[in-house]
Enquirer: 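One structure is given below, represented as structure tokens, and several questions about it will come after.
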There are 2 protein chains.
Amino acid sequence: METQGGFLISRIKHLADRVFERMLKECGIDAFNGAQGRILYVLWQHEELPIGRIGQLTSLAKTTLTGMLDRMEEAGLIRRMANPGNRRQILVSITPKMKDYRDQYEQVSQKMNRLFYKGFSDEEIARFEVRLKAIIRNLESEGDDLENG
Amino acid sequence: METQGGFLISRIKHLADRVFERMLKECGIDAFNGAQGRILYVLWQHEELPIGRIGQLTSLAKTTLTGMLDRMEEAGLIRRMANPGNRRQILVSITPKMKDYRDQYEQVSQKMNRLFYKGFSDEEIARFEVRLKAIIRNLESEGDDLENG
DNA sequence: GACTTATTGTACCTTATAGTACTATACTCT
DNA sequence: AGAGTATAGTACTATAAGGTACAATAAGTC
């Protein structure tokens, strides 16, 4: 059977990234970009997270996060704070001014997903996302997350 | 309805990239990496392509391809040739030695897809890939390819 | 307590991706 | 033919992504 899941996912990622960047700008969000938005997305849900946990939730390598968080801290989007309970850990949280962006970001995300899933029924979307999550589990089971940690 | 297609696709892309790079190395392919492999993938199918067409087939921006093809040419993977029939175009083709890698790459791809789709029936895979292609069409319809092309 | 191992994050480097601006060529229209 | 427009690709720059190597802290073991 000729499958090409990885290739198709790559194509979708590139297309979606370009469309999403454009939507953010068109909707007047210039405080952060798409990649930063995905990190903010998990921080809006958790308030405060160590970097390794952000890596798990976004599937980004910790080395990627070092640089991303540097730029986001520089831009005033997030703050790094030492964790007194575990001095190896750095706790990341959103700055007060960024909390207000959550609704705006959510609206652009939903606009994006309406295009993404155009022609899909609600049930088809739900079933599709179940598959996406299964694939994430498959890939994570390969031990990638252990090294990523 | 709370959907998060773009976020899940991003996660899959990052995870899949890391796993795929590792598989290529483990299978002894060190002549090229995953991103280069996706460009070779369309060249194996078409023998000779102008750069813009590679962009359409891979969903990469032409500016991305300039740099990628520079490195691939430098590494002896591909060749650029002027198109006498249209002097704006550059035709890209695979070097003879790279033609032999096609089978090897295909095997690693299929190994990757077996992990990717672990627990999926053939019918589920087929249905899922139909959805992926629908999403590509949705995103392309946003006019992104016009600017890219 | 000292020694080893595991965890957490960073520094440094390379490649990938794409936007903006540009050059060169082709096409269109009068 | 000449003027304007569209197409094809590159140069330059910035950000994203991650691998290798490392430092600091914590946890486990004797």
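Per chain, numbering begins at 1; letters A, B, ... match sequence-line order.
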Enquirer: On DNA chain D, does the nearest nucleotide to L91(B) precede the nearest nucleotide to N83(A) from the 5' side, or the other way round? Give the residue.
Expert: L91(B)

Enquirer: Would you indicate which nucleotide in dT17(C), dG9(D), dA17(D) comes nearest to any side-chain atom of K13(A)?
Expert: dA17(D)

Enquirer: Closest to the N33(A) side chain: dA16(D), dG18(D), dA26(D)?
Expert: dA16(D)

Enquirer: Taking only the side-chain nitrogens and oxygens of R88(B), find out if one of them lies under 4.0 Å from OP1 or OP2 of dA8(D).
Expert: no

Enquirer: With the side chain of H14(B) defined as its heavy atoms from C-beta on, choose the nearest nucleotide among dT25(C), dA17(D), dA16(C).
Expert: dA17(D)

Enquirer: Reckon D17(B) touches a base, only the sugar-phosphate, or nothing at all at heavy-atom distances under 4.0 Å?
Expert: nothing

Enquirer: NZ of K62(B) versus P of dT23(C): gap in Å, rounded?
Expert: 14 Å

Enquirer: Can you tell which of dA17(D), dA16(C), dG9(D) lies closest to the side chain of R71(B)?
Expert: dA16(C)

Enquirer: Y101(B) and W44(B): aromatic ring centres closer than 6.0 Å?
Expert: no

Enquirer: Mind listing the closest non-hydrogen atom pair of I54(A) and V92(A) along with its distance?
Expert: CD1-CB, 3.9 Å

Enquirer: Could you tell me whether E73(B) and R79(B) have a side-chain N and a carboxylate O separated by less than 4.0 Å?
Expert: no

Enquirer: Please give, in whole Å, the distance from dA23(D) P to Q89(A) CD?
Expert: 21 Å

Enquirer: What nucleotide, of dA11(D), dG9(C), dG18(D), holds the atom closest to the side chain of P50(A)?
Expert: dG9(C)

Enquirer: Does dA18(C) have OP1 or OP2 under 4.0 Å away from a side-chain N or O of T64(B)?
Expert: yes

Enquirer: Can you find a donor-acceptor pair, distance only, under 3.5 Å between T63(B) side chain and dG19(C) base?
Expert: yes

Enquirer: Give the rounded distance in Å between these two atoms: CZ of R53(B) and C1' of dT7(D).
Expert: 16 Å

Enquirer: Between I51(B) and P84(A), name the one whose nearest nucleotide on DNA chain D is closer to the 5' end.
Expert: I51(B)

Enquirer: Can you tell whether the side chains of R127(A) and D122(A) come within less than 4.0 Å, N to carboxylate O?
Expert: no

Enquirer: Whole angstroms only, please: what is the CE-P distance between M72(B) and dT10(D)?
Expert: 14 Å

Enquirer: So, are R11(B) and E140(A) salt-bridged, with charged N and O less than 4.0 Å apart?
Expert: yes

Enquirer: Under 4.0 Å from OP1 or OP2 of dG9(D): is there any side-chain N or O of R80(B) that close?
Expert: no

Enquirer: Could you check which of dG9(C), dG18(D), dA24(C) has an atom nearest any side-chain atom of A61(A)?
Expert: dG18(D)

Enquirer: Starting at atom CG of L24(A), determine the distance to atom P of dG19(C), rounded to an integer number of angstrom.
Expert: 13 Å

Enquirer: Output the rounded distance in Å from CG (L65(A)) to P (dA17(D)).
Expert: 9 Å

Enquirer: Salt-bridged, K99(A) to E47(A), with N to O below 4.0 Å?
Expert: yes

Enquirer: What is the distance, rounded to the nearest whole Å, between atom CG of L69(B) and atom C1' of dA8(D)?
Expert: 13 Å

Enquirer: Nearest whole angstrom, please: distance from the P of dA16(D) to the CG of L77(A).
Expert: 10 Å

